[in-house]
Amino acid sequence: MAGREEGQVISCHTVEQWNQQLQIANDSKKLMVVDFTASWCGPCRFIAPFLAELAKKLPSVIFVKIDVDELKSVASDWAVEAMPTFMFLKEGKIVDQVVGAMKDDLQQTIAKHLPSTSA
């Protein structure tokens, strides 16, 4: 997986894949939205199609999904305690966070961190 698929949510199944996406986001200086999710989490399943829709609409944003049960170490590194948690990263630093399946909050937080030309 050398390139990144624009317009879709990228699922990371290994720490290496996660590190690779983080590096791509850092190098590109793009906004990265990380969805910390779990297969057993109802609200996570509810918000997933909405996130996929946002990814299609906003190819300039990198969307990544992390299953907290699959990548426990990544979830604990980022101090994730509730699902879904959305972390907004720029150059590897957390610039914002939304906890819960709240479509409006998610959309507004993304818009807030996009350059004004693409908002």
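These numbers were taken from a predicted model, which means no experiment stands behind them. The chain is numbered in sequence order, starting from 1.
For the residue pair Gln23 / Asp27, a side-chain donor-acceptor distance below 3.5 Å is found, with atom types taken as modelled.
Remark: Ile62 CD1 to Lys30 NZ distance equals 5.5 Å, nearest 0.5 Å. Atom CG of Leu31 and atom CZ of Phe88 lie 7.0 Å apart (nearest 0.5 Å). Rounded to the nearest 0.5 Å, atoms CD1 (Ile24) and CD1 (Ile10) are 7.0 Å apart. Here Gln8 contributes atom CD and Lys56 contributes atom NZ; the two are 9.0 Å apart, rounded to the nearest 0.5 Å.
Using a 4.5 Å heavy-atom threshold, the side chains of Val34 and Trp78 count as separate. The shortest distance between side-chain heavy atoms of Ile110 and Leu58 falls below 4.5 Å.
When all heavy atoms of Ala48 and Lys65 are compared, the pair lying nearest together is CB-NZ, 3.8 Å. Contact between Met83 and Cys44 at its shortest, heavy atoms only, is CB-SG, 3.7 Å. Contact detail for Ile47 and Pro84: the closest heavy-atom pair is CG2-CG, 4.4 Å. Smallest separation of non-hydrogen atoms from Gln21 and Cys12: CG-SG, 3.8 Å.
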Under 3.5 Å, sequence neighbours excluded: what are the donor-acceptor pairs made by side chains of residues 95-109?
from	atom 1	to	atom 2	distance (Å)
Asp96	OD2	Lys112	NZ	2.9
Asp96	OD2	His113	NE2	2.8
Thr109	OG1	Asp105	O	2.6

Show me the side-chain donor-acceptor pairs of residues 66-76 shorter than 3.5 Å, one per line, residues at least two apart or across chains.
from	atom 1	to	atom 2	distance (Å)
Asp67	OD1	Asp69	N	2.8
Asp67	OD1	Glu70	N	3.3
Asp69	OD2	Trp40	NE1	2.6
Glu70	OE1	His13	ND1	3.0
Glu70	OE2	His13	ND1	3.1
Ser76	OG	Lys72	O	3.4
Ser76	OG	Ser73	O	3.1

